[in-house]
Amino acid sequence: MLKILPINSVLNVNCRLHKRSKEQKKELSVLKKRFSWLAGALAAAVLWGTSQVDAATILFVPQDNRPVSLSYTVDTAEGAGYTVITPPDYLISGKNYHGEADKIWQWVDENASRADVMVISTDTLIYGGLVDSRKHNLSLNTLLNRTKQIGALHDKYPNVPIYAFGTVMRSPRASGGGVEPSYYDQYGPTIFQIAALQDKMDAGDLNQDEQASLVQLQASVPIEYLQDWFNRRQKNMTVNRALIDETRNGVFKYFALGHDDTSTLSQSALESRYLKLYSKGLKNDRYGSFPGADQLGLLLIARAHVDRNHLKPSFEVIYPLGGGGETVPHYEDQSVAKTIAEHVEAVGGTLATNGKPDILLAVNTPLGKVTGESEAFENFPMISNSTNAFLDKIQTAIEQNVPVSIADISYSNGADNTFVYGLYKRDLLYKVDAYNGWNTASNTVGYAIAQGILGKAMPTQAHRDMLTQQYLDNWAYQANIRKDIYRMQDSIRTDNVRYTGTLNDKLESYMGERVQDFAEKYLKIDPCTVSARFPWGRLFETDITVYDQPVAPLQKELRLQREAEARAKAEAEAKAKVEAEAKAKAAAAAAANGGASTTIPVTQE
């Protein structure tokens, strides 16, 4: 019989062990997960009615190393009982926006034999990463050769299903911080307008005034910049068509092509229309193309879980009063109802119309049909009748033992404070199966669906950790602390560190302390079980780590220690200054007396 020691006897640690290394903290977390994977697998068997309890190994190639792409995705999969292997972090595209595609291919070749499932970013294997796909200067021949390597990988391991995801290159209204070609900082808004008018012209809707405007706009951007941007997009279009061909050839169990930050009139929307025509005839259970990019890795891990366990999860969708499913969110070009349907289809699920669903997807949308920004002034907790009615529906479902996954999309880039504060007041935060409210609506929807599915396979603590991570990122930081950080950085410096620049340590320390305070006050957890940092040195994203034991330094204590040291230093300096001034004064007085000492002589009898 396997005897498992109580985890506290194995991990005898406490909050004051501030010098523990990052590697040791990770080992502690991994050890705890090894103890709990069997419980998670058994939970999946009971809840889904399956008999499979083995811990499969997923070879996962992320699109970059941001938390949403890598650590949050891996944490969720491991919490559900999977073993996840990833390329070394130094090879993955990071804040320098340069992934090592060829070396990652070498790692894949060396590790593919260990995998039961592969979930891969084609952007990483072909360009180096998501941002790399927007900035590369690779030849089309190089790109297509790397694309063919994916087919060769399938030929070598025909019994290992490959779930792949890529993107239609985004065409943002504006951008900064080095995530687009350098000229986009200055000419990006104009290039966006040019592409929007060309999209409209392609649809045959451009009038004479707009035609004249298009010519003027094209003349205002240096021709070499336009050529660079459109030539790169043409290469990427060719690659995407090749990936669709590979899907037809049976290389992928499923291929998802995400529309990264798009809008109704844009170059991305135009290209997506042509790719939709090119993919005609592919079955929906093999290929999907819809808004979003950052959610795709986790979504396809959930799809692999569904296929592996022969599941067919059913979803019912509810909305509050207002725009509901007709809402067209910021950064996207279609209604959220359509986006939800496409994500449910991609994960291998169905939308339920009758009976009890496997998962109730509660989608928090605004009263109007336009989403806001979470850092806006109006995003403060003020419970309304419509919010209460929506919370009533969620609470009723929980009381009836219906699993609830929340997609909070009322605001982009963070939680709706009124709504989540309502969950807090009703003590529902840890009674839902999943909560998400981050970045774009499609990112949130994809995570909500995936974590709703994978959360069922998690033991209690892993499930709580998953929720804690999302609440601290989406609610604590994005919707509340971030706006204070912005004000602090404005007082500290003049450059726009929101997107680029060298991060001031004071900002990260303050952020970490606020996150820990929030965790203790609202989530009722030990603040030493969480930590926060800025992974890419930018203020609009954070990396929340949740530990199984209280091993994280308490940022408030560290601040008080720094302040005490600073006071002691200041006092010592002030004392030294006074003594130096007294000494200088004495020396000046002596000089004024002609060099005679000002010390009173002592005579001895």
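Source: prediction; values computed, not measured.
For Asn480 (side chain) and Trp475 (main-chain N/O), a donor-acceptor pair under 3.5 Å exists by modelled atom type. Looking at Thr264, its side chain never comes within 3.5 Å of a backbone N or O of Asp333 through a donor-acceptor pair. Under a 3.5 Å cut-off, the side chain of Asp64 and the backbone N or O of Arg66 do form a donor-acceptor pair. Side chain of Ser410 to main chain of Asp416: no donor-acceptor pair is present (N/O by atom type, distance under 3.5 Å, no hydrogens or angles).
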Start with the C-alpha gap between Gln469 and Asp75, add the side-chain angles, then the distance that decides, and say whether side-chain hydrogen bond (donor to acceptor under 3.5 Å, both in side chains) holds. CA-CA 10 Å; Gln469 194 171 59; Asp75 287 348; 3.1 Å; yes

Give the C-alpha distance, both sets of side-chain angles, the deciding distance and a yes or no for side-chain hydrogen bond (donor to acceptor under 3.5 Å, both in side chains) between Thr440 and Ser442. CA-CA 6 Å; Thr440 67; Ser442 58; 3.3 Å; yes

Walk me through it: do Arg482 and Ser374 pass the test side-chain hydrogen bond (donor to acceptor under 3.5 Å, both in side chains)? CA-CA 10 Å; Arg482 179 161 59 107; Ser374 68; 3.2 Å; yes

If you apply the rule side-chain hydrogen bond (donor to acceptor under 3.5 Å, both in side chains), what do you find for Trp438 with Asn436, and how did you get there? CA-CA 6 Å; Trp438 59 281; Asn436 281 274; 3.3 Å; yes

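In this structure, CD1 on Ile150 lies 9.5 Å from OG1 on Thr247, to the nearest 0.5 angstrom. Taking CD of Glu332 as the start and CG of Asp260 as the end, the distance is 10.0 Å to the nearest 0.5 Å.
Atom CD of Glu210 is surrounded by more than 12 heavy atoms from other residues, nucleotides or ligands within 6.0 Å. For CZ of Arg173, the number of neighbouring non-hydrogen atoms (other residues, nucleotides, ligands) closer than 6.0 Å is 12 at most. Summarising the local packing, CD of Glu378 is surrounded by more than 12 heavy atoms from other residues, nucleotides or ligands at distances under 6.0 Å.
Residues Thr418 and Phe380 have side chains not in contact (no heavy-atom distance under 4.5 Å, counting atoms from C-beta outward). Taking 4.5 Å as the limit, some side-chain heavy atom of Ser213 sits within range of a side-chain heavy atom of Leu197. Between Tyr72 and Asp543, the closest side-chain pair of non-hydrogen atoms falls below 4.5 Å. Contact check for Leu226 versus Ile194: side-chain heavy atoms found under the 4.5 Å cut-off. Counting heavy atoms from C-beta outward, Thr86 and Val61 have side chains that stay 4.5 Å or more apart. With a 4.5 Å cut-off on side-chain heavy atoms, Phe315 and Ile453 count as touching. In this structure, Pro88 and Trp107 have side chains that are in contact, with non-hydrogen atoms separated by less than 4.5 Å. Counting heavy atoms from C-beta outward, Asn364 and Val420 have side chains that stay 4.5 Å or more apart.
In summary, Glu375 and Lys483 do not engage in a salt bridge, as defined by a charged side-chain N under 4.0 Å from a carboxylate O. A salt bridge does not link Asp245 to Arg241: none of the charged nitrogens lies less than 4.0 Å from a carboxylate oxygen. Using a 4.0 Å cut-off between a side-chain N of Lys or Arg and a carboxylate O of Asp or Glu, Arg170 and Glu180 qualify as a salt bridge. Under 4.0 Å is where a charged nitrogen must lie from a carboxylate oxygen, and between Glu271 and Arg233 at least one such pair does.
Ring geometry, Tyr225 versus Tyr187: the interplanar angle falls from 30° to 60°, so the pair is classed tilted. By the 30° and 60° cut-offs, the orientation of the rings of Tyr127 relative to His136 is parallel.
Among residues at least two apart or in separate chains, side-chain hydrogen bond (donor to acceptor under 3.5 Å, both in side chains) pairs with a member in residues 336-348 are Asn284-Glu345, Gln295-His343, Gln334-Thr339, Gln334-Glu342.
Taking the six-membered ring for Trp and the full ring otherwise, the centers of His154 and Phe252 sit at least 6.0 Å from each other. Taking the ring centroids of Tyr254 and Tyr287, they lie at or beyond the 6.0 Å cut-off. Outside the 6.0 Å centre-distance limit, the rings of Phe165 and Phe255 are not counted as a close aromatic pair.
Stacking of Arg533 on the aromatic ring of Tyr477 is not recorded, the 6.0 Å distance cut-off and the 45° axial limit not both being met.
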